[in-house]
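Taking it in order: structure first as structure tokens, then the write-up.
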2 protein chains.
Amino acid sequence: MTTIRDVAKLAGVSPATVSRVLNNKGYVSEEKLKIIDKVIKEMNFQPNQVARGLTKKSSKTLALLVTDITNPFFSELAKGAEKITQQLGYSLLLGNTGGNNPEKNADYMNFLKNKYIDGFIIATHDIDVEVLKKNYKSPMVILEADKDIENLCTIKVDNYHGAIEATKHLLSIGCQKIAHIYGPQYDATAKDRLRGFKTSMKHQEGSSGIEYPGDFSIMSGIESIQELLKKHSDIDGIFAGNDLIAIGVVKELNRLKIKIPEQIAVCGFDGITLTQITSPEITTIEQPIYKMGELAAERLIYRINHSFNETESIELKAKLVIRESTVKSAIDSKQ
Amino acid sequence: MTTIRDVAKLAGVSPATVSRVLNNKGYVSEEKLKIIDKVIKEMNFQPNQVARGLTKKSSKTLALLVTDITNPFFSELAKGAEKITQQLGYSLLLGNTGGNNPEKNADYMNFLKNKYIDGFIIATHDIDVEVLKKNYKSPMVILEADKDIENLCTIKVDNYHGAIEATKHLLSIGCQKIAHIYGPQYDATAKDRLRGFKTSMKHQEGSSGIEYPGDFSIMSGIESIQELLKKHSDIDGIFAGNDLIAIGVVKELNRLKIKIPEQIAVCGFDGITLTQITSPEITTIEQPIYKMGELAAERLIYRINHSFNETESIELKAKLVIRESTVKSAIDSKQ
DNA sequence: GCACATTGTGAAACCGGTTTTAGAAATTTT
DNA sequence: AAAATTTCTAAAACCGGTTTCACAATGTGC
């Protein structure tokens, strides 16, 4: 592997001058610049990132921490983040925290610490952000955080208004008894969605709302709908806390031969691709997940390069996407 | 951040001795060992991986290259690889090659080269393995390669026998006209599955096989089945080249109100989780994807640590998992 | 008791970059 | 024309580890 000293020798200059050219920094005469540029190309020299990292205390690497990469929400996010990361000359470490104990996660973070990881995208709830913040002064972007975090960038979707839109939609197609299967309440996302549902159902003459606890998985959707139907046989609309729950609900309703949406209409939340492969396809509140990934990486790299550490919180809009599971005659009229 | 020299000073020894302790290598007296160990703990010293990497020419990092991380096959793989990687003290870079031109991928690989990435798990077909091999002498594990590769480790699933099992299963439940929607033939996986299908259908009195080209996506499943039904209205079994195709097929058959499996039975290949969320659930040939990820990481790290570069090829068995899409009375009898 | 191997240790060089320092040359100010 | 400033460059120190080298102390063989 050719080093900066090889280049220097061949160009008849000192390594320091080559370094100045490489970093576009400090005085270099036109003449030498030309020679050095030429030699660099000739030798196809590329500076060793590790050596560079040692002095610069940087590795040109970001880390993305997700709960479970097989969850389509996270893999979509990862795809967006990876694209921008690579585009801007960084690489992306993947950390799957799911199921690990927080202690182990701390170990992992520590491990990364002395690798000079430049920044973190935190998209997991297995880690306490406050603890994190105390221990790591690295730039971070936190996704779906509970609230704004001082000196960090948070990116979230407006879950509250998204939930309102979902509920209003179900009401608008005539649902009178709507159940919301909500996610775990330590999760800010789940909390906001439940709040939106409550708000929408208030003062809603002729309609009533049921709240039922779930846990953001397909299985939870299946089990919840079974229980719900036992207690409330007259339910005619389900607002699922996320798409996975919605998928479970649709699956179980199909099995029970309950017609969607004629007997029960279903709306999810997230906008993962899976909602388009079920029969019927599921109406959902689509989050710009891919865009969130892109944005997270872009903001993180910006903060790294500009030593920017103001509190910054970005809220993206979610969008109602109407599909077969809430359109009465959809299946027949489609195509 | 505390350095090895800080430790040395406090322990009253030279940095070299501390290094010897750290690496468990060379002579160190019991006495000093004890002191140094104590000081390391006291100061909570952790060697800087970047500095270490510079001399060792290693970054304790692997790179995983996938075509598309949102494809559940790859995310499952990534999860397995990430677990072992972390467990063995490495970290995992994620590279999404999908859609990029090969030229850009080469750039990316080059970029990684001077980061001292210790090894690569190649699970993408966007890169020509021969070119790769010529340019990078790093340890690599190649997934689903065409054939054995000299001096590298290849891991694949026995697609040929898996396909035979799938076809035999469809025949055993009485299918008489089976169509195989196969994937792109530059893909070794797709080729082997098609070959298995052909073998099984040969000398099969009373049954006939149709081969139809597809491309491993849900959309392809939808379009293929439409075309197939136009030409062959008497098809009663579909062996899809992979699960995504199968999902498309099921989706379209549902839309056309064709009963699965009564009128047409469907079998996929891969064993991704999605096959369990459709209605009906889809029979498939389950590959041990997660295990492949684990194995890939484990073998790669072994090869790195033991300078092991013999040709090594591992073939895993795929397993038929029978679900509703091929069991005539499944839906009613279930549960 | 002497040659030789083994154990133990610190100083110094090294990995491959960047940054500081110091001094020379060219320019601008006064 | 002298002083001050700016441009340009190389030598040396540095980042934080590892490794080589030289040398001392101890143990072993004959």
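A note on names: the letters A, B, ... follow the listed sequences, proteins ahead of strands, and every chain is numbered from 1.
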A:F45 vs A:I4 side-chain heavy atoms within contact, under 4.5 Å: yes
Take the protein atom NZ of A:K60 and the nucleotide atom C1' of C:dT18, then report the distance between them rounded to whole Å. 15 Å
Is any NZ, NE, NH1 or NH2 atom of the basic residue among B:K134 and B:E130 found under 4.0 Å from an Asp or Glu carboxylate oxygen of the other? no
According to a strict under-4.0 Å criterion, is B:T17 in side-chain N/O contact with OP1 or OP2 of C:dG10? yes
Separation of D:dG16 atom P from B:Q46 atom CD, nearest Å, is 15 Å
Does B:K25 put a side-chain nitrogen or oxygen below 4.0 Å from OP1 or OP2 of D:dT19? yes
For B:N114 and A:Q49, test the side chains for any donor-to-acceptor distance below 3.5 angstrom and give the result as yes or no. no
Establish, from distance only, whether the side-chain atoms of A:Y116 and B:N48 form a donor-acceptor pair under 3.5 Å. yes
When rounded to whole Å, the CD1 to P distance for the pair B:I4 and C:dA12 reads 17 Å
Where is the tightest heavy-atom contact between A:M292 and A:K156, given as atom of each residue plus distance? CE-CA, 4.5 Å
Distance in angstrom units between B:M1 CE and D:dG16 P, rounded: 9 Å
Just to be sure I understand the rule, does A:T2 reach a base, reach only the sugar-phosphate, or reach nothing, if contact means heavy atoms closer than 4.0 Å? sugar-phosphate
Will you find, in the side chains of B:D118 and B:S58, an N or O donor that is under 3.5 Å from an N or O acceptor? yes
Side-chain donor/acceptor contact of B:R5 with base of D:dG17 under 3.5 Å: yes
For D:dT18, does OP1 or OP2 lie under 4.0 Å from any side-chain N or O of B:S19? yes
Side chains of A:F120 and A:L112, heavy atoms from C-beta outward: is any pair under 4.5 Å? yes
Atom NZ of B:K57 and atom P of C:dC15 are separated, to the nearest Å, by 7 Å
Figure out the NZ/P separation between A:K9 and D:dA10, and round it to whole Å. 14 Å
Contact class for B:V13 vs. all strands (heavy atom < 4.0 Å): base, sugar-phosphate, or nothing? sugar-phosphate
B:K115 side chain reached by A:S91 side chain, heavy atoms, under 4.5 Å: yes
Do B:R20 and C:dG8 share a donor-acceptor pair, side chain to base, under 3.5 Å? no
Taking five pairs at each terminus, the helix from C:dG1-D:dC30 to C:dT30-D:dA1 shows an axis bend, to 10°, of 40°
On the 0 to 90° scale, with breaks at 30° and 60°, tag the A:F308-A:Y302 ring pair as parallel, tilted or perpendicular. perpendicular
Taking the side chain of A:R52 as heavy atoms from C-beta outward, which of C:dT18, C:dG16, C:dG10 is closest to it? C:dT18
Please report the distance, rounded to the nearest Å, between CG in A:D6 and P in C:dG16. 9 Å
For A:Q86 and A:E82: C-alpha separation, side-chain torsions, deciding distance, then whether side-chain contact (heavy atoms from CB on, under 4.5 Å) applies. CA-CA 6 Å; A:Q86 199 179 134; A:E82 201 275 343; 2.7 Å; yes
Is the phosphate of C:dC15 approached by B:T55 (side-chain N or O, under 4.0 Å from OP1 or OP2)? no
Would you mind reading off the distance between A:N23 atom CG and C:dT20 atom P, rounded to a whole angstrom? 12 Å
Using the closest heavy atom to pick a nucleotide of DNA chain C for each, name whichever of B:G12 or B:L54 lands nearer the 5' end. B:G12
Expected list for residues 26-45 of chain A near DNA chain C, using heavy atoms below 4.0 Å, is A:F45
